[in-house]
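Written below as structure tokens is the structure these notes are about.
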Amino acid sequence: MEIGSFFMALAAQADPWIVRIAAEWIGWKFWLSDWTGISHSILHAYFGLLLQVLAAAFMRRGLASAWPWLFVFALEIGNELLDWSRALTYGTAREGLVYETISDILFTMVLPTVLLILARSFPRLGLGERTVPVAEACESD
């Protein structure tokens, strides 16, 4: 059995509600790109950065923590799985979709990765976990 036909058979058995969710999600992404006039790839970059900052705030962690980065990565993988589920169901999965998926993941993760590296490399930027200076810790005792 050829790999492509295996995935086609797998997608054919997917629940219709997953395909409907994927179609709605993809439609919303195209609408947002058209409405803002911002390319699909650039939207990936902006949303990756925005989601990392929001996740760090919600998790009450600094941007030097890997958890907000991992949250963005997990959401991006979910986004790409939805794209693939719809493409496999409708038979539109081609070689171009592989390149688009790789491009989307790279565009989404490049800014969060840079921010994570900066926060870890330069803790004085104040992007990491807040630690109490030794002098303050001694005064409170």
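Nothing here was measured: the structure is a model prediction, and the numbers come from that model.
The same ILVMFWY cluster, assembled from side-chain heavy atoms under 4.5 Å apart, contains both W31 and L50. Hydrophobic clustering (ILVMFWY, side-chain heavy atoms < 4.5 Å, transitive): I77 and Y99 are in distinct clusters. In terms of hydrophobic clustering, with Ile, Leu, Val, Met, Phe, Trp and Tyr side chains grouped at heavy-atom distances under 4.5 Å, W69 and M59 are assigned to a common cluster. Each of L75 and Y46 belongs to its own hydrophobic cluster when Ile, Leu, Val, Met, Phe, Trp and Tyr are linked at side-chain heavy-atom distances under 4.5 angstrom. With hydrophobic clusters built from ILVMFWY side chains whose heavy atoms lie under 4.5 angstrom apart, L49 does not share a cluster with L70.
In this structure a side-chain-to-backbone donor-acceptor pair under 3.5 Å is missing from S33 to K29.
With rounding to the nearest 0.5 Å, the separation of CZ in F107 from CD1 in I102 is 13.0 Å. The distance from the CG atom of L43 to the CG atom of L32 is 5.0 Å, given to the nearest 0.5 Å. Distance OG/S103 to CG/L97: 11.5 Å, rounded to 0.5 Å. Annotation: the span from L118 atom CG to T113 atom OG1 amounts to 11.0 Å, rounded to 0.5 Å.
For W67 and F71, the distance between ring centers is not under 6.0 angstrom.
Counting all heavy atoms, side chain and backbone alike, P112 lies closest to V72 at CG-CG1, 4.3 Å.
Contact annotation: the side chain of L51 never approaches that of F73 to less than 4.5 Å [non-hydrogen atoms, C-beta and beyond]. Put simply, the side chain of N79 does not reach to within 4.5 Å of the side chain of F47, judged on heavy atoms.
Around CH2 of W35, the count of heavy atoms belonging to other residues, nucleotides or ligands within 6.0 Å does not exceed 12.
With T108 as reference, H44 is the one residue of H44, Q52, E80 to meet the side-chain hydrogen bond (donor to acceptor under 3.5 Å, both in side chains) rule.
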